[in-house]
Amino acid sequence: MTRPCRSVLYIPGSRQRALEKARELACDAIIFDLEDAVAPEEKQAARLLLTGVLAGTDYGNRLKVVRINGFDSPWGREDAAALAKAVRAGTQIDAILVPKVNSPADLNAVAELAPGVPLWAMMETCQGMLNAAPIAAHPALQGMVMGTNDLAKELGARFRADRLPMQAGLGLCLLAGRAHGLMMIDGVYNAFKDEAGLRAECEQGRDMGFDGKTLIHPAQLAIANAAFAPSPEELDLARRQIAAFEAVAAEGGGVAVVDGRIVENLHIVTARALIRKAEAIGALEK
Ligand SMILES: CC(C)(COP(=O)(O)OP(=O)(O)OC[C@H]1O[C@@H](n2cnc3c(N)ncnc32)[C@H](O)[C@@H]1OP(=O)(O)O)[C@@H](O)C(=O)NCCC(=O)NCCSC(=O)C[C@H](O)C(=O)O
Ligand SMILES: [Mg+2]
């Protein structure tokens, strides 16, 4: 996945100040939230505010994703219809994020109301995790976002630093999402003032294979951006691997050795992807 999506910031659709502030924040993507971050009595006003803001605000090269309410709520269908209308009128968004997706039928329902708009799925129910493969195969789906708070609630799991209770669900989604080339975004870290805890969780998500992390506060952006970007040491290793492998290949060989480890063609594919990712981040940050 070349499009960097290291930091994905939730912004409550009801908070005008935060919606304005986001234009200057160093996030790769924004999730404009109409679901959990908005109180029931503010839902209608938030929808109106958000569609107005999206029509008139330049968020630069940040991906713009709108999380709607579920279709089992009084607001979900109207959210999807309002976004479809805005898109027809020229508002540009990158995806609608559908909460609590249990099966492909939940995506079909949104796709019917907003045809042609790419979808992302919140993966946060036990049913959804078990159906990760058919959900990932949905033709309109381009990304999955982990909802680790709702998953913990359904599982009856405790929050642990190592996220052991989450591993089965996250792993199922990663397998399914990667099999279908989706953008894969990890869940939020609730303690938004705990920098060390956030850093550790970002590094865990990165090592598992996620592209980035959902965030709830601007103070979390720099840590996620750093964790999900290739480090100078990784880039140096990648370049040395490519050089060593090319030298061996020129002699008709297929295996190089760098820092005591074998390097084969498959490692070169990874090394080149890492360099492309760093270049894409550089271009985005210009
Ligand atoms: C957590 C917060 C309620 C804290 O808000 P606040 O008290 O206003 O924080 P600060 O005073 O420290 O804010 C400093 C400035 O930053 C702006 N701000 C704060 N948060 C955001 C944000 N998310 N995006 C953009 N800007 C933000 C403030 O406006 C201040 O600006 P300024 O006026 O210039 O000083 C708050 O951060 C918040 O509401 N966060 C989002 C919560 C949210 O979106 N929750 C839902 C998503 S998580 C979820 O649903 C989980 C998932 O579904 C699951 O199941 O796991
Ligand atoms: Mg949730």
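The structure displayed is predicted, hence computed values, not measured ones. Numbering of ligands and ligand atoms starts at 1, following listing order.
Rounded to the nearest 0.5 angstrom, K64 NZ and Q92 CD are separated by 4.0 Å.
Counting protein heavy atoms only, atom 34 (O) of ligand 1 is closest to R17 NH2, 2.6 Å. The protein non-hydrogen atom at the shortest distance from atom 15 (C) of ligand 1 is K21 CE, 3.8 Å. Distance from atom 45 (N) of ligand 1 to its nearest protein heavy atom, with residue and atom name: A37 CB, 3.7 Å. Residue, atom and distance of the protein heavy atom nearest to atom 40 (N) of ligand 1 are I216 O, 2.8 Å. The closest protein non-hydrogen atom to atom 5 (O) of ligand 1 is R15 NH1, 3.4 Å. Here the protein heavy atom with the shortest distance to atom 23 (N) of ligand 1 is Y10 O, 2.8 Å. The protein heavy atom nearest to atom 12 (O) of ligand 1 is H217 NE2, 2.7 Å.
Within ligand 1, counting atoms from 1 as listed, the ones closer than 4.0 Å to a heavy atom of E124 are 52 (C), 53 (O), 54 (C), 55 (O). The atoms of ligand 1 that sit less than 4.0 Å from any heavy atom of T148 are 54 (C), 56 (O). Using a 4.0 Å cut-off to heavy atoms of D33, the atoms of ligand 1 that qualify are 46 (C). Atoms of ligand 1 found under 4.0 Å from any heavy atom of D36 (numbered from 1 in listed order, with element): 50 (O), 53 (O). Near F192, meaning under 4.0 Å from any of its heavy atoms, are these atoms of ligand 1: 1 (C).
Looking at R67, R23, Q220 and measuring to atom 50 (O) of ligand 1, the nearest heavy atom belongs to R67. Distances from atom 55 (O) of ligand 1 to the heavy atoms of D150, V38, V188, L221 put D150 nearest. Considering only non-hydrogen atoms, atom 19 (C) of ligand 1 lies nearest to P218 out of C27, P218, A219, A18. For the residues V145, N149, L151, the heavy atom positioned nearest atom 51 (C) of ligand 1 is part of N149.
Between the Mg ion (ligand 2) and E124 there is an N/O/S contact shorter than 2.8 Å. For D150, the nearest N, O or S atom to the Mg ion (ligand 2) falls under 2.8 Å.
Considering L54, I31, T51 in turn, L54 is the only one that fulfils the side chain to side chain contact (heavy atoms under 4.5 Å, CB included) rule with V66.
Under the 4.5 Å side-chain heavy-atom criterion for Ile, Leu, Val, Met, Phe, Trp and Tyr, L83 and W75 are members of distinct hydrophobic clusters. The hydrophobic cluster containing L274 does not contain M184, counting ILVMFWY residues as joined when their side-chain heavy atoms lie under 4.5 angstrom apart, directly or transitively. Tracing side-chain contacts under 4.5 Å through hydrophobic residues (I, L, V, M, F, W, Y), one reaches I96 starting from L9; they form part of the same cluster.
Look at E35 and you'll find every heavy atom at least 4.0 Å from all atoms of ligand 1. Residue contacts with ligand 1 include P12, since one or more of its heavy atoms lies under 4.0 Å from the ligand.
No side-chain N or O of N131 forms a donor-acceptor pair with one of N102 less than 3.5 Å apart. D36 and Y10 form no side-chain donor-acceptor contact under 3.5 Å, judged by distance and modelled atom types alone.
Within a 6.0 Å radius of CD in E195, other residues, nucleotides and ligands contribute 12 heavy atoms or fewer.
For an aromatic pair to be called close, the ring centres must be under 6.0 Å apart, and F32 with Y59 satisfies this.
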How far apart are the C-alpha atoms of E246 and R272, what are their side-chain angles, what is the distance that settles it, and do they pass the salt bridge (charged side-chain N to carboxylate O under 4.0 Å, His left out) test? CA-CA 12 Å; E246 283 177 350; R272 290 196 199 286; 3.1 Å; yes
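Side chains of I275 and L235 form a contact here, defined as non-hydrogen atoms less than 4.5 Å apart. Side-chain contact between D94 and P118: absent, with no pair of heavy atoms (C-beta onward) separated by less than 4.5 Å.
A salt bridge links K100 with D150: the closest approach of a Lys/Arg side-chain nitrogen to an acidic carboxylate oxygen falls below 4.0 angstrom.
Within a 4.0 Å radius of atom 7 (O) of ligand 1, the protein contributes no heavy atom.
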